[in-house]
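Here's the structure, in structure tokens; my notes come after.
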There are 2 protein chains.
Amino acid sequence: MPKTLGDQRHDKLISFLIEARSEAGITQVELAEKMKVYQSLIARLESGQRRVDVVELIKLGEVLGFDPAEIVKKIANMRG
Amino acid sequence: MPKTLGDQRHDKLISFLIEARSEAGITQVELAEKMKVYQSLIARLESGQRRVDVVELIKLGEVLGFDPAEIVKKIANMRG
DNA sequence: CAAGAATATCTAAATTTTAGATACCTGTTT
DNA sequence: AAACAGGTATCTAAAATTTAGATATTCTTG
């Protein structure tokens, strides 16, 4: 298992991303298409088996319509 | 070379991180110690050969004393 | 220019990520 | 209840990335 994983903040990030996709009303397959990756990758991402890099978070924000800085602010205030 | 690399936003992120360490007045070795990684890893990071994950950015903010949300906001407003 | 500090580069091993296939739900239709 | 469908999760092997550690290079500053 990757390293940053298991960190509370990573978990929070993940649940935020899942929520964001849900609110955007699109499926993993659709999100994958827009991000030009495979659905299995999105599944792994959302199940916390993969880290999210900063630029990727920004891209996800563009696709799903959320403000990446917002979520960073939220999770930054948690204890690791 | 990693994927997100070469992205303008990644480059901007990197230069911000370098600047932040410089302002914090610590060396790569010291930063590495605080982050519990090797100096070579910090060097790779700062030379843009490695992605920065979201939780890592937050930790860097804690160690170097910057607001991670701030930098995300800044670079999010650039074109990829 | 020498000495030391700081940063960069290299390599091989370890870890992680990926595509692609396939399996697993959870409804729904017949 | 069986067959189907849409959506998500899991598996595997290959590809890509990351890492530690060693070593080299590049500053500084006396």
Side-chain angles (χ1 to χ4, degrees), chain A residues 1-66 68 71 75 80, chain B residues 1-66 68 71 75 80:
Chain A
M1 295 140 207
K3 265 193 184 171
T4 316
L5 274 44
D7 185 300
Q8 255 191 91
R9 291 170 293 196
H10 182 256
D11 294 346
K12 179 92 174 185
L13 173 60
I14 294 308
S15 41
F16 176 86
L17 289 177
I18 294 174
E19 179 68 10
R21 177 172 63 80
S22 160
E23 280 180 4
I26 69 177
T27 68
Q28 289 187 347
V29 171
E30 291 167 327
L31 176 54
E33 276 164 8
K34 296 191 190 228
M35 299 286 291
K36 300 185 197 216
V37 295
Y38 272 73
Q39 175 270 330
S40 60
L41 193 159
I42 301 294
R44 269 173 95 67
L45 181 54
E46 293 189 353
S47 62
Q49 298 178 78
R50 185 183 170 286
R51 284 140 148 170
V52 184
D53 97 64
V54 175
V55 174
E56 215 169 21
L57 178 69
I58 291 171
K59 287 185 186 166
L60 284 165
E62 287 167 1
V63 170
L64 296 178
F66 66 80
I71 172 64
I75 68 180
Chain B
M1 295 138 206
K3 264 195 186 170
T4 315
L5 273 43
D7 186 299
Q8 254 191 90
R9 292 170 294 198
H10 182 256
D11 294 346
K12 179 92 173 183
L13 173 59
I14 295 310
S15 41
F16 177 87
L17 290 176
I18 294 175
E19 180 68 9
R21 178 173 62 79
S22 160
E23 280 179 4
I26 70 176
T27 68
Q28 289 187 348
V29 171
E30 291 167 326
L31 177 54
E33 277 164 7
K34 296 190 191 229
M35 299 287 291
K36 298 183 197 217
V37 295
Y38 271 71
Q39 174 269 331
S40 61
L41 193 158
I42 301 294
R44 267 173 97 64
L45 180 52
E46 292 189 354
S47 61
Q49 298 179 77
R50 185 184 170 283
R51 283 139 147 172
V52 184
D53 98 62
V54 175
V55 174
E56 216 169 19
L57 178 70
I58 292 171
K59 287 184 184 165
L60 284 166
E62 287 167 2
V63 170
L64 296 178
F66 65 81
I71 174 65
I75 68 180

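Convention: sequence-line order gives letters A, B, ...; per-chain numbering from 1.
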Electrostatic pair [X]-[Y], nearest N-O below 4.0 angstrom:
X     : Y     : answer
B:E62 : A:R9  : yes
A:R21 : A:E30 : no
A:R50 : A:E56 : yes

If you check every side-chain atom of [X], which of [options] has the closest atom?
X     : options                : result
A:A43 : C:dA8, D:dT10, C:dT17  : D:dT10
B:V37 : D:dT18, C:dT17, D:dA20 : D:dA20
A:R51 : C:dT17, C:dA19, C:dA8  : C:dT17
A:E46 : D:dT10, D:dT18, D:dA9  : D:dA9

Taking atom [atom2] of [N] as reference, at what distance in whole Å does atom [atom1] of [X] sit?
X     : N      : atom1 : atom2 : result
A:I14 : D:dT8  : CD1   : C1'   : 15 Å
A:K36 : C:dT18 : NZ    : P     : 16 Å
A:L45 : D:dA9  : CG    : P     : 11 Å
A:R50 : D:dT18 : CZ    : C1'   : 14 Å
B:I18 : C:dA6  : CD1   : P     : 17 Å
B:E33 : D:dA20 : CD    : P     : 13 Å
B:R44 : C:dT7  : CZ    : P     : 17 Å
A:L41 : D:dT8  : CG    : P     : 15 Å

Show each protein N/O and nucleotides 27-30 of chain D N/O combination with a separation under 3.5 Å, one pair to a line.
none

Inset, instruction - Could you tell me the separation between the CG atom of A:L60 and the CG atom of A:L17, rounded to the nearest 0.5 Å? - result: 6.0 Å
Flag side-chain contact, heavy atom, 4.5 Å: [X] against [Y]:
X     : Y     : result
B:L45 : B:V37 : no
A:K34 : A:V29 : no
A:L57 : A:L13 : yes

Inset, instruction - Kindly write out the residues that satisfy side-chain hydrogen bond (donor to acceptor under 3.5 Å, both in side chains) with A:Q49, not counting sequence neighbours, or none if the list is empty. - result: A:R44, A:S47
Inset, instruction - Check each residue of residues 20-31 of chain B for a non-hydrogen atom within less than 4.0 Å of any atom in DNA chain C, then write out the ones that pass by number, or none. - result: B:R21, B:T27, B:Q28, B:V29
Inset, instruction - Kindly give the heavy-atom pair with the smallest separation between A:M35 and A:V63, and that separation in Å. - result: SD-CG2, 3.8 Å
Legend entry - Touch class at under 4.0 angstrom, heavy-atom based, for B:Q39 against every strand present: base
